[in-house]
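Note that the structure is a prediction, hence the values are computed from the model and not measured.
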Amino acid sequence: MDWSVSADVVVRIGEPALLPLAEVLASAESPEVARRAMWALARLEGADPEICVPLLRHPHAEVRSTALSPFKSLGEAAIGYADRLIPLLGDPEADVRQRAVRTFQEMGGAAVPVLRRLRQEPATGPRVRVTALEALAAIGGPSALSDRDLAAWRRLTRIKQLTETPESLHLCGSWYAVPSVDRSAVPAAFDLSDPEPVTLRTGASAWNHDKHNWRGKHPHERCARVFVGPAMEAWTLVFGNASQDTHRTADTDDQEAARAEVARERCAGLSRRFGAAHWYGMSCGDGWTAWCIAEGGEVVRFDDAFEAEEKGIVGTRHPAESGRLLPHEIVDTTAALDAVGELPSGAGPLEIEAFYARYEQARRELGIPDTCYATDIAAQLSVNPGALGARTRITGSGVLALTACGREHGHPAGALRV
């Protein structure tokens, strides 16, 4: 019998299966057995959270973590169990602490007074206090923090800014580049306000959080703020979605076409003000890449990997694209594949890595060009944020600033790295 069938039977048994499943999980002889037990334990039907309370103190970390499931499902009603859930905020295992954070997060505003109290009580221990701060940020962002915690965060930011070494950003989204170091003119051009100085790490964390914030309960959480980076090599990079841009793309069925139109219009407008402006896009999943180059109020070059066939390409090939294929151009690589042979069936990671290294070497030897990506254009014309390092010339500090919908709704919920 397939294990999912038997697991479904156990789930339907409900509460009587709770303790036996916990023991199976604690004594599992293989990761697969543990996975199946966790799956069933987290889905027990009709399990009374009160019965799960003893499991919160179980010596096995995965049992403690899984025992949090019914409390998380209670949402705000779980506040009645807060005192018994608090110790898991200081659990020795990071996975358990993160599960506890999500449980308090589901309680919403009801948990804020409890978590703030923990922040003020030294007897709770440093680990509980640190995790309570993360839970507060997860519930309401900066607005959930006390004045004391906000002041401490700003103090820590100032200290870290003094010695921060630029690190490459994880690129999954779009950003603008403007040839200006004016720390007021650039935010004004994007209609931003309430700038909050942040480290590069915090700004990048906010950009990625907001871009991938699928758990957000409100649409504005993905367009409420923008990260305006410090001046890098005399350019200012702006990461995120200005609210008016997001609203325009959300109101159309063809969001890719709308995104392209918004990027071209904004780049043209920015270039009238600053002489030039660029827009870049990269995806970490589906191969999307795009770039827009505007000068003196006009778009001189635009290429979007997902729009080329339908909307065409604006302008002629730019010198920065020289020697590379455009994203939608196809080249015959049969000769390179023939040169390296077939990848053996069941090949491991090292064999796969070696195979692709041989393939790339064969491409170079045969003169087959590489595909051009937005980062290649940015590296030549402005700044490639995916290749920042100790030699990157940086002046000033970055800020998180609110867009129009951010001014209405505030910062999104979520903890950020400092």
Side-chain angles (χ1 to χ4, degrees), residues 166 168-183 185-192 200 203-204 207 211 226-242 244-245 249 256 258-283 288-308 311-324 326-328 371-388 392-396 398 401:
S168 297
L169 275 62
H170 171 68
L171 303 182
C172 190
S174 59
W175 68 97
Y176 291 88
V178 178
S180 173
V181 297
D182 191 322
R183 306 312 295 159
V186 174
F190 284 84
D191 187 29
L192 304 176
L200 270 170
W207 179 47
K211 167 68 178 176
V226 165
F227 171 44
V228 182
M232 304 181 193
E233 306 294 348
W235 286 77
T236 296
L237 308 188
V238 180
F239 303 86
N241 295 318
Q244 58 267 43
D245 294 354
T249 57
E256 291 174 357
R259 176 185 62 196
E261 181 182 358
V262 165
R264 289 194 296 266
E265 289 182 4
R266 186 178 281 279
C267 270
L270 290 169
S271 71
R272 281 192 290 271
R273 185 166 186 170
F274 298 100
H278 303 165
W279 172 81
Y280 303 102
M282 291 287 291
S283 172
W288 174 69
T289 189
W291 55 91
C292 182
I293 303 169
E295 297 173 355
E298 293 186 4
V299 173
V300 299
R301 184 61 167 160
F302 176 84
D303 195 316
D304 187 314
F306 288 177
E307 284 296 305
K311 300 296 180 181
I313 300 173
V314 176
T316 58
R317 182 180 284 272
H318 195 278
E321 303 163 0
S322 178
R324 292 178 178 270
L326 296 178
H328 50 84
T371 297
C372 187
Y373 291 93
T375 46
D376 300 311
I377 306 299
Q380 294 192 57
L381 300 184
S382 56
V383 178
N384 175 11
L388 303 180
T392 305
R393 181 165 54 93
I394 290 183
T395 56

Minimum-distance pair of heavy atoms, taken over all atoms of Ala231 and Thr236:
CA-OG1, 4.3 Å
Any side-chain to backbone donor/acceptor pair from Arg301 onto Thr316? Under 3.5 Å, distance only.
yes
Shortest non-hydrogen contact from Val314 to Arg264?
CG2-CD, 4.2 Å
Would you say Val186 and Leu192 make side-chain contact, with heavy atoms under 4.5 Å?
no
Heavy atoms, side chains only, cut-off 4.5 Å: are Asp376 and Glu321 in contact?
no
Rounding to 0.5 Å, atoms NZ (Lys211) and OG (Ser174) come to a distance of 6.5 Å
Any heavy-atom pair between the side chains of Val226 and Phe190 that's under 4.5 Å?
no
Who passes side-chain contact (heavy atoms from CB on, under 4.5 Å) against Ala320, sequence neighbours left out?
His318, Ile377, Gln380, Leu381
Hey, could you give me the CD/NE2 distance between Glu295 and His278, rounded to the nearest 0.5 Å?
6.5 Å
Side-chain heavy atoms of Leu326 within contact of Arg317, under 4.5 Å
yes
Nearest-0.5 Å distance, CG of residue Leu169 to CG of residue Leu237:
8.5 Å
Not counting sequence neighbours, which residues clear side-chain contact (heavy atoms from CB on, under 4.5 Å) with Ala379? List them please.
Asn384
Can you say whether the rings of Trp175 and Trp207 are parallel (under 30°), tilted (30 to 60°) or perpendicular (over 60°)?
perpendicular
Measure across Pro230 and Gly396 and return the closest heavy-atom pair with its distance rounded to 0.1 Å.
CB-O, 3.6 Å
Decide if atom CZ of Phe227 counts as having more than 12 heavy atoms of other residues, nucleotides or ligands within a radius under 6.0 Å.
yes
Parallel, tilted or perpendicular for Phe302 and Trp279, by the 30°/60° rule?
parallel
Has Ser271 got a side-chain atom pairing as donor or acceptor with Gly297's backbone, closer than 3.5 angstrom?
yes
OH of Tyr176 to OG of Ser382, rounded to nearest 0.5 Å, is 14.0 Å
As an exercise, state the distance from CG of Leu200 to CE of Met232, rounded to the nearest 0.5 Å.
4.5 Å
Heavy-atom closest contact (Cys292 atom, Val299 atom, distance):
SG-CG1, 3.8 Å
Heavy atoms only: give me the nearest Ala294-Cys267 pair and the separation to one decimal.
CB-O, 3.4 Å
Answer yes or no: is there a donor N or O on one side and an acceptor on the other, between the side chain of Ser168 and the main chain of Leu388, under 3.5 Å?
yes
Starting at CD of Glu265, measure out to CG of Leu270 and round the result to the nearest 0.5 Å.
12.0 Å
What are the two closest non-hydrogen atoms of His328 and Asp303, and how far apart are they?
NE2-OD2, 3.5 Å
Results of side-chain contact (heavy atoms from CB on, under 4.5 Å) for Ala374 - residues two or more places apart only
Tyr280, Met282, Thr289, Trp291
